[in-house]
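Order of the sequence lines sets the chain letters (A, B, ...), proteins ahead of strands, with each chain counted from 1.
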Protein chains: 2
Amino acid sequence: MSVGHTAVTTPGTAAETAGPPPAGTRTPGPCADEYDDCGIRDVLDRIGDKWSVLVMVELAKGVRRFRELQRAIPGISQRMLTLTVRRLERDGLVERTVHATVPPQVEYELTPMGRGLTAQLRALFEWAGENHARLVASRRRWDAEHPDSEVH
Amino acid sequence: MSVGHTAVTTPGTAAETAGPPPAGTRTPGPCADEYDDCGIRDVLDRIGDKWSVLVMVELAKGVRRFRELQRAIPGISQRMLTLTVRRLERDGLVERTVHATVPPQVEYELTPMGRGLTAQLRALFEWAGENHARLVASRRRWDAEHPDSEVH
DNA sequence: CTGAATCCTTTCTGATACTG
DNA sequence: CAGTATCAGAAAGGATTCAG
């Protein structure tokens with residue numbers, strides 16, 4: 001997702017009548033309601049991408065080198081792994097350590113903040129594990145009732 | 001994200017050996033480690049998109065009509081709201097009720113499963129609220145140290 | 001009001017080739 | 001090993017138009 005990580009595009013037409021969330025870019029003041037934003041968007045953009053969670057899950061097991069990560073995450077390309085760890089590093093969730101050895105050796109590990117996030121994700125993982133079957137069933141049912149639909 | 005909601009490409013090869021997470025592809029056997037997959041991908045694909053969470057958060061406050069949702073979520077286009085609620089409905093997270101009145105009236109509300117998911121998301125919201133400032137700070141620092149970078 | 005259908009632009013990913 | 005640089009295809013998102 002992301003899209004530059006800002007929702008509203010139109011600069012003018014947006015907030016006119018004024019309301020709780022002026023939505024120029026995102027809620028300017030503190031969280032509109034109980035949360036609404038609160039930076040949840042930044043977090044969702046990170047965990048919502050294709051590989052970040054998998055990388056964090058792997059790093060939750062311990063320090064890993066670039067190649068180790070790639071081998072541990074089937075399907076990820078070198079390019080995407082690089083981008084993913086860079087973004088995680090940028091957000092302060094992962095720390096990158098370069099050892100100036102002959103064959104370059106770079107190690108990645110979760111920062112305290114990164115560990116904090118993965119801890120919060122567990123609740124989500126558990127829920128997913130418990131409800132995935134139901135979700136898939138619902139999905140199949142819906143697809144059966146709506147043969148021709150692009151909503152996938 | 002998403003990409004057909006399965007990471008590794010291979011299309012056909014669905015459930016062959018049969019197992020808890022037939023998953024389009026991903027981890028061969030059941031959940032590799034503690035989670036890895038377990039359907040977490042489906043969940044992340046849903047909450048990771050641009051609007052689903054905002055819609056669920058709004059619906060967590062009560063039943064809402066289409067226009068009410070759109071007004072409550074600044075920036076969302078009619079098209080995206082339609083797609084978002086449809087996908088949530090497909091996954092069994094939201095229920096759609098059509099009232100055959102003169103001006104069409106359609107109401108949306110979270111299903112028990114939908115409420116269950118939003119409950120799990122609160123942990124994430126709280127974490128985001130507590131760590132967003134730190135994350136943004138880290139981001140600014142990183143950007144300052146890497147003037148020319150596309151990793152955004 | 002509640003959508004469905006189009007068209008078009010932006011963003012994301014993956015494949016490939018090259019480098020210190 | 002650990003990246004960087006390109007490039008092309010795929011997918012997501014937005015604006016607009018039309019309809020029940």
- 5′-ward residue of the pair Val102(A)/Ser77(A) relative to DNA chain C: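 With Val102(A) and Ser77(A) compared, the 5'-side residue is Ser77(A).
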
- Counting distance only, does the side-chain N/O of His132(B) pair as donor-acceptor with the main-chain N or O of Ala128(B) below 3.5 Å?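 Checking the backbone N and O of Ala128(B) against the side chain of His132(B), no donor-acceptor pair under 3.5 Å is found.
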
- Measure from CD on Glu89(A) to C1' on dG3(D) and round the result to the nearest Å.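 After rounding, the reported distance stands at 13 Å.
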
- Nearest-neighbour nucleotide for the Gln78(B) side chain, dA4(C), dG14(C), dG3(D) considered: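 Comparing dA4(C), dG14(C), dG3(D) against the side chain of Gln78(B), the answer is dA4(C).
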
- Message: Between His152(A) and Arg86(A), which residue's closest nucleotide on DNA chain D lies nearer the 5′ terminus?
- Response: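 The 5'-side residue here is Arg86(A).
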
- From dG14(C), dA2(D), dA4(C), pick the nucleotide closest to the side chain of Pro104(A)?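 So the nucleotide nearest the side chain must be dA2(D).
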
- Message: Can you measure Leu83(B) atom CG to dG13(D) atom P for me and round it to whole angstrom units?
- Response: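 After rounding, the reported distance stands at 9 Å.
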
- Between dG3(D), dC1(C), dG14(D), which nucleotide gets closest to the side-chain atoms of Arg71(B)?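 My answer, after comparing the listed nucleotides, is dC1(C).
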
- Query: Got Leu124(B) and Leu117(A) here, is their nearest side-chain heavy-atom distance under 4.5 Å?
  - Reply: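 In contact.
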
- Query: Would you say the base of dG13(D) and the side-chain of Arg79(B) have a donor-acceptor pair closer than 3.5 Å?
  - Reply: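 It does, because a donor-acceptor pair links the side chain of Arg79(B) to the base of dG13(D) below 3.5 Å.
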
- Task: Provide, to the nearest angstrom, the distance between the CG atom belonging to Leu81(B) and the P atom belonging to dA12(D).
- Result: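 Between P of dA12(D) and CG of Leu81(B): 17 Å.
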
- Message: Exactly one of Arg65(B), Gln105(B), Glu107(B) should register a side chain to side chain donor-acceptor pair (under 3.5 Å) with His99(B). Which one does?
- Response: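 Looking at Arg65(B), Gln105(B), Glu107(B), the match for His99(B) under the side chain to side chain donor-acceptor pair (under 3.5 Å) is Glu107(B).
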
- Query: For Glu150(A) and dG13(D), what is the distance between atoms CD and P respectively, to the nearest whole Å?
  - Reply: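 Roughly 15 Å, once rounded to whole Å.
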
- Message: Using OP1 and OP2 only, check whether a side-chain N or O of Arg96(B) sits under 4.0 Å from dG3(C).
- Response: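 Yes, Arg96(B) has a side-chain N/O under 4.0 Å of OP1/OP2 on dG3(C).
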
- Message: Tell me the interatomic distance from Ile76(A), atom CD1, to dC12(C), atom C1', rounded to whole angstroms.
- Response: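 In whole Å, dC12(C) C1' lies 13 Å from Ile76(A) CD1.
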
- Query: Between atom CE in Met80(B) and atom C1' in dA12(D), what is the gap in whole Å?
  - Reply: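 Computing the Met80(B):CE to dA12(D):C1' distance gives 7 Å.
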
- Between atom NE2 in His146(B) and atom C1' in dT4(D), what is the gap in whole Å?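 Roughly 14 Å, once rounded to whole Å.
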
- Worked verdict on Asp143(A) versus Arg139(A) for salt bridge (charged side-chain N to carboxylate O under 4.0 Å, His left out): CA-CA 6 Å; Asp143(A) 288 345; Arg139(A) 207 172 269 193; over 6 Å; no

- Query: If only side-chain N and O atoms of Tyr108(B) are considered, is one of them under 4.0 Å from the OP1 or OP2 phosphate oxygen of dC1(C)?
  - Reply: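 Negative; the distance criterion is not met.
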
- Asp49(A) side chain to Ser52(A) backbone, donor-acceptor under 3.5 Å: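 Side chain of Asp49(A) to backbone of Ser52(A): a pair is present.
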
- Lys50(A) side-chain N/O to dA11(D) phosphate OP1/OP2 under 4.0 Å: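 Checking dA11(D) against Lys50(A), no side-chain N or O comes under 4.0 Å of OP1 or OP2.
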
- Item | Whole-Å gap separating P (dC1(C)) and CZ (Arg65(B)) |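 Atom CZ in Arg65(B) sits about 8 Å away from atom P in dC1(C).
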
